[in-house]
Amino acid sequence: MTAPQENQPTRRRAPAMSPEQRREMIIQTAIPLITEYGSAVTTAKIARAAGIGEGTIFRVFADKDELLQACIAEALSPEHAIRELDAIDLSQQLPDRLAEAAEALQAHMDRLGAIMGSLGHRGGKHPGTVRGAGRNESTTRIRAALAELLEPDKAALRRPPEQIAALFIGLLFTQPRTEDEPDLTPQELVEVFLHGALSEGAK
């Protein structure tokens, strides 16, 4: 018999995920697939992308519908957008702060629109962050984060930061789109919001 070799390195398994961590990992993997394939995406495809067995999905989700609903809830969540708003440098000029905020919030809306559209939730209005569960909390928290960006210029504002934030969100989320004109860039939207529709030469 061969004597056991001493000091052999032992292989350690990666620590197991908690059910909540596994749910989050599956949701983050599923969202881009749902955006691409809509409700036709299979749990087998999601499992392959996540590097897990299909049965693992059903240990944390009752069925595919529950997984889809969890992905919609994640898309509706304002957490990512709020983190980006909180990271904006308050020492910048107000137009620059608002332009960064517009980019963050437009990305949030685009992500939500992509997943809702792929699942067939189409309609005349962009779902934005104002549809589904958590509507009031979502918009309230985004408005509060945006008001913080306005606070350094409070003395120069016509209205309190909270009201200006609500007006800005209203313009951003409901700006009309026309086929023959490109959408306003974040910088252009901020210019219209802060200085009106007149061009510099007309003022």
Side-chain angles (χ1 to χ4, degrees), residues 18 20-21 23-25 27-32 34-35 70-117 121 125-178 181-203:
S18 69
E20 190 56 41
Q21 289 173 324
R23 275 178 63 92
E24 179 65 21
M25 181 270 289
I27 288 170
Q28 294 303 326
T29 302
I31 284 177
I34 293 170
T35 300
C71 290
I72 292 173
E74 173 65 18
L76 281 165
S77 171
E79 295 299 334
H80 183 72
I82 288 173
R83 284 196 298 271
E84 291 204 2
L85 293 178
D86 289 344
I88 293 174
D89 185 358
L90 292 179
S91 68
Q92 296 182 91
Q93 295 297 311
L94 179 59
D96 296 325
R97 275 178 269 146
L98 286 179
E100 282 195 38
E103 289 179 2
L105 294 178
Q106 284 178 337
H108 173 64
M109 288 189 293
D110 289 345
R111 183 178 188 228
L112 176 59
I115 190 169
M116 297 293 274
H121 295 266
K125 298 178 74 174
H126 194 293
T129 57
V130 297
R131 302 276 184 181
R135 163 185 173 176
N136 291 335
E137 180 186 359
S138 177
T139 53
T140 297
R141 292 181 61 199
I142 286 175
R143 184 170 63 245
L146 188 55
E148 287 292 322
L149 292 178
L150 295 164
E151 192 66 31
D153 293 270
K154 181 177 181 178
L157 300 176
R158 292 178 184 270
R159 296 283 181 169
E162 294 77 11
Q163 189 173 10
I164 298 296
L167 290 169
F168 186 70
I169 290 171
L171 174 62
L172 182 64
F173 284 9
T174 61
Q175 61 170 311
R177 287 170 168 78
T178 57
E181 293 290 342
D183 290 349
L184 295 175
T185 66
Q187 291 77 16
E188 290 170 335
L189 185 141
V190 169
E191 283 294 315
V192 170
F193 181 72
L194 291 179
H195 305 297
L198 294 177
S199 64
E200 284 294 325
K203 293 179 181 178

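This chain uses plain numbering: 1 for the first residue, then up along the sequence. These numbers come from a predicted model, not from an experiment.
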Contacts table for residues 154-167: side-chain donor-acceptor under 3.5 angstrom, sequence neighbours left out:
none

Checklist entry - CZ/F168 to CG/L146 distance, rounded to the nearest 0.5 angstrom? => result 6.5 Å

Checklist entry - What is the minimum heavy-atom distance between A101 and L149, and which atoms define it? => result CB-CD1, 3.9 Å

Checklist entry - Going through the distances and angles, do T185 and L189 end up as a side-chain contact (heavy atoms from CB on, under 4.5 Å)? => result CA-CA 6 Å; T185 66; L189 185 141; over 6 Å; no

Checklist entry - How about S18 and R23: do any of their side-chain heavy atoms sit closer than 4.5 Å? => result no

Next on the checklist: I need the L105 CG to E100 CD distance, nearest 0.5 Å.
Outcome noted: 11.5 Å

Item to check | Spatial distance of atom OG1 (T139) from atom CZ (F173) [nearest 0.5 Å] | outcome: 8.5 Å

Checklist outcome for this item: d(E137 CD, S77 OG) to nearest 0.5 Å is 8.5 Å

Next on the checklist: So T29 and M25, do their side chains get closer than 4.5 Å, heavy atoms only?
Outcome noted: yes

Item to check | E191/Q187 under side chain to side chain donor-acceptor pair (under 3.5 Å): CA gap, chis, key distance, verdict | outcome: CA-CA 6 Å; E191 283 294 315; Q187 291 77 16; over 6 Å; no

Checklist entry - Does the side chain of P95 come within less than 4.5 Å of L194's, by heavy atoms? => result yes

Next on the checklist: Once rounded to the nearest 0.5 Å, what's the spacing between atom CD1 of I27 and atom SG of C71?
Outcome noted: 5.5 Å

For residues 79-90, please give each side-chain donor-acceptor pair under 3.5 Å, one per line with the distance, not counting sequence neighbours.
| from | atom 1 | to | atom 2 | distance (Å) |
| --- | --- | --- | --- | --- |
| E79 | OE1 | R141 | NH2 | 3.3 |
| E79 | OE2 | R141 | NH1 | 2.6 |
| E79 | OE2 | R141 | NH2 | 3.1 |
| H80 | NE2 | E84 | OE2 | 3.0 |
| D89 | OD1 | S91 | N | 2.9 |
| D89 | OD1 | S91 | OG | 2.8 |
| D89 | OD2 | S91 | OG | 2.9 |

Next on the checklist: Within the 4.5 Å heavy-atom criterion, are T35 and R111 side-chain neighbours or not?
Outcome noted: no

Next on the checklist: Counting C-beta onward and ignoring hydrogens, is there a side-chain heavy-atom pair between Q106 and M109 closer than 4.5 Å?
Outcome noted: yes

Checklist outcome for this item: Distance col, row T174:OG1 vs I169:CD1, nearest 0.5 angstrom, shows 11.0 Å

